[in-house]
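Below is one structure, written out as structure tokens; comments come after it.
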Number of protein chains: 2
Amino acid sequence: MVSGYAGTMADNTPYAPRRIRALPSWLLGRAAARGHRLVADALAAEGMRMMHHAVLSAVAELGPVSQAELGRTLGIDPKDMVALVNDLQRDGLVTRTPDPGDRRKNAVEISADGRRRLRRTQRLGDRANAELTAALTPAEREQLIALLTRIALPEE
Amino acid sequence: MVSGYAGTMADNTPYAPRRIRALPSWLLGRAAARGHRLVADALAAEGMRMMHHAVLSAVAELGPVSQAELGRTLGIDPKDMVALVNDLQRDGLVTRTPDPGDRRKNAVEISADGRRRLRRTQRLGDRANAELTAALTPAEREQLIALLTRIALPEE
DNA sequence: GGATGTCATTGGGTTCCCCAACAATAACCA
DNA sequence: TGGTTATTGTTGGGGAACCCAATGACATCC
């Protein structure tokens, strides 16, 4: 260890950029990245991505629903929604039929296979979230959820 | 409103996918996205992105530091770090000189212009974070920071 | 002094995000 | 009624953050 500057003393510096790490936006980004990694890795076992699972879950809850409505409730871009529903339809997890009442819309509905798949991906997602919040007590986890809910809404 | 399915009843449905929205990973993603949007929009006034500000702030705190060390403390990929330091150097905010003690390393150091820029971007970042957590009391904000800190760490 | 590791850099790749356009269709309203 | 306005699904282009692998120059370890 010849050089005199801090960069070579990685191991004993407590934790470097305090200013940045104290910002909620930074911490949120880091925590979200870890959560995404955990969930994505878990869902990869079923060949799905996080957004696939989110859409499938939303379709199950909303019943027959248009893609635009899905995009609105999940905050997904219409462009990406097309690809996601394409994937789910190709795998037989949802059906995409023309809405008889509004010929612009697709009525996206979950299939029997979709329900079976959803049960598994929900288990995987829940387990990943348990790991994500493993350092927290159940009460703290609820606290976190409550706080996040209040700052997550974009507007409205 | 002719169609009978839920997709056309966007306005009165309370809030759709409860199952998804209750997951910490989902809430974290949404909250992080909003935080990123707020900070990014604020920093755009100075022609900088969030990662530029993070690196600049870290360089200011760590003194002359190698890119690898910066990447480690901030969780930034070496590939992206090259581009970020390129940008900061091009704008005269940091200097990149060969480390005399270790010729593999670049000693990245903040410049006078960098310090001036950092003061402004810190103000902008703090203001964006205040807006992000505007719905929270100061105590709740501290609570959130504490909880996030405990789940944000990847491993180690 | 030879194996092993690190540093900066280049390259390739994915996911998610955002904006703009389009034709078809629906809703609005004068 | 008819003409404007809005919405829907789709295609297109592009950016930002992430991840993995490889390279040559250089340090470190044994």
Side-chain angles (χ1 to χ4, degrees), chain A residues 1-3 5 7-8 10-11 25-26 28-30 32-41 43-44 48-55 65-72 74-87 89 96-108 154, chain B residues 1-3 5 7-8 10-11 25-26 28-30 32-41 43-44 48-55 65-72 74-87 89 96-108 154:
Chain A
M1 200 165 289
V2 180
S3 169
Y5 67 77
T8 52
D11 299 334
S25 57
W26 181 261
L28 280 171
R30 292 294 112 182
R34 186 164 97 97
H36 183 274
R37 217 176 309 132
L38 286 169
V39 174
D41 288 352
L43 292 181
M48 291 176 74
R49 283 176 288 143
M50 219 180 56
M51 287 304 179
H52 287 135
H53 173 237
V55 170
V65 61
S66 71
Q67 297 179 195
E69 164 87 6
L70 279 173
R72 258 178 259 118
L74 290 175
I76 298 179
D77 192 85
K79 176 196 182 73
D80 302 321
M81 185 61 69
V82 172
L84 288 170
V85 177
N86 280 348
D87 293 341
Q89 188 183 27
R96 178 153 51 175
T97 55
D99 179 357
D102 186 338
R103 304 220 301 277
R104 295 170 302 177
K105 297 181 181 177
N106 289 334
V108 181
Chain B
M1 197 166 290
V2 181
S3 169
Y5 68 76
T8 53
D11 299 336
S25 57
W26 180 262
L28 278 171
R30 294 293 113 182
R34 186 165 98 95
H36 183 274
R37 218 176 308 131
L38 286 169
V39 174
D41 288 352
L43 292 181
M48 290 177 73
R49 284 177 286 142
M50 220 180 56
M51 286 305 180
H52 286 135
H53 173 237
V55 170
V65 61
S66 72
Q67 297 180 194
E69 164 87 6
L70 280 172
R72 257 179 260 117
L74 291 174
I76 297 180
D77 191 85
K79 176 197 182 76
D80 302 322
M81 185 62 70
V82 172
L84 288 170
V85 178
N86 280 347
D87 294 341
Q89 188 183 28
R96 178 153 52 175
T97 54
D99 180 355
D102 186 337
R103 304 221 302 277
R104 295 169 303 176
K105 298 183 180 176
N106 289 335
V108 181

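Note that these values count all heavy atoms, side chains included, but never hydrogens, waters or copies made by symmetry. None of the values given here were measured: they were computed from a predicted structure. Proteins get letters first, then strands, A, B, ... in listed order; numbering begins at 1 in each.
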Please report the distance, rounded to the nearest Å, between [atom1] in [X] and [atom2] in [N].
X	N	atom1	atom2	result
E69(B)	dC7(C)	CD	C1'	13 Å
L84(A)	dG9(D)	CG	C1'	14 Å
M81(B)	dA8(C)	CE	P	9 Å
M50(B)	dC18(D)	CE	P	8 Å

For the CG atom of L74(A) and the CE atom of M81(A), what is their distance to the nearest 0.5 Å? 5.5 Å
Taking the side chain as every heavy atom from C-beta outward, state whether L43(B) and R49(B) have any pair of such atoms under 4.5 Å apart. no
L70(A) side chain reached by I76(A) side chain, heavy atoms, under 4.5 Å: no
dA17(D) phosphate, OP1 or OP2, under 4.0 Å from H36(B) side-chain N/O: yes
Does R37(A) place a side-chain N or O at less than 4.0 Å from the phosphate oxygens OP1/OP2 of dT15(C)? no
Pairs: protein N or O with nucleotides 10-13 of chain D N or O, under 3.5 Å:
unit_1  : atom_1 : unit_2 : atom_2 : d
dT10(D) : OP2    : Q67(A) : OE1    : 3.0
dT10(D) : OP2    : Q67(A) : NE2    : 3.0
dT10(D) : OP2    : R96(A) : NH1    : 3.0
dG12(D) : N7     : K79(A) : NZ     : 2.6
dG13(D) : O6     : K79(A) : NZ     : 3.3

By nearest-nucleotide position on DNA chain D, the 5'-leaning member of R104(B) and R30(A) is R30(A)
Partner set under side chain to side chain contact (heavy atoms under 4.5 Å, CB included) for [X], not counting sequence neighbours:
X	value
D77(A)	K79(A), D80(A)
R103(A)	none
A68(A)	S66(A), R72(A)

Keeping the roles fixed (side chain from H53(A), backbone from M50(A)), state whether a donor-acceptor pair exists under 3.5 Å. no
Let me test you: for the helix from dG1(C)-dC30(D) to dA30(C)-dT1(D), what is the angle between the axes at its two ends (five pairs each), rounded to 10 degrees? 30°
Derivation of the side-chain contact (heavy atoms from CB on, under 4.5 Å) call for V108(B) and Q89(B): CA-CA 9 Å; V108(B) 181; Q89(B) 188 183 28; over 6 Å; no
Could you say whether R103(A) or R49(A) is positioned toward the 5' end of DNA chain C, judged by the nucleotide with the nearest heavy atom to each? R49(A)
Using nucleotides 21-23 of chain C, report all nitrogen or oxygen pairs with the protein that are shorter than 3.5 Å.
none

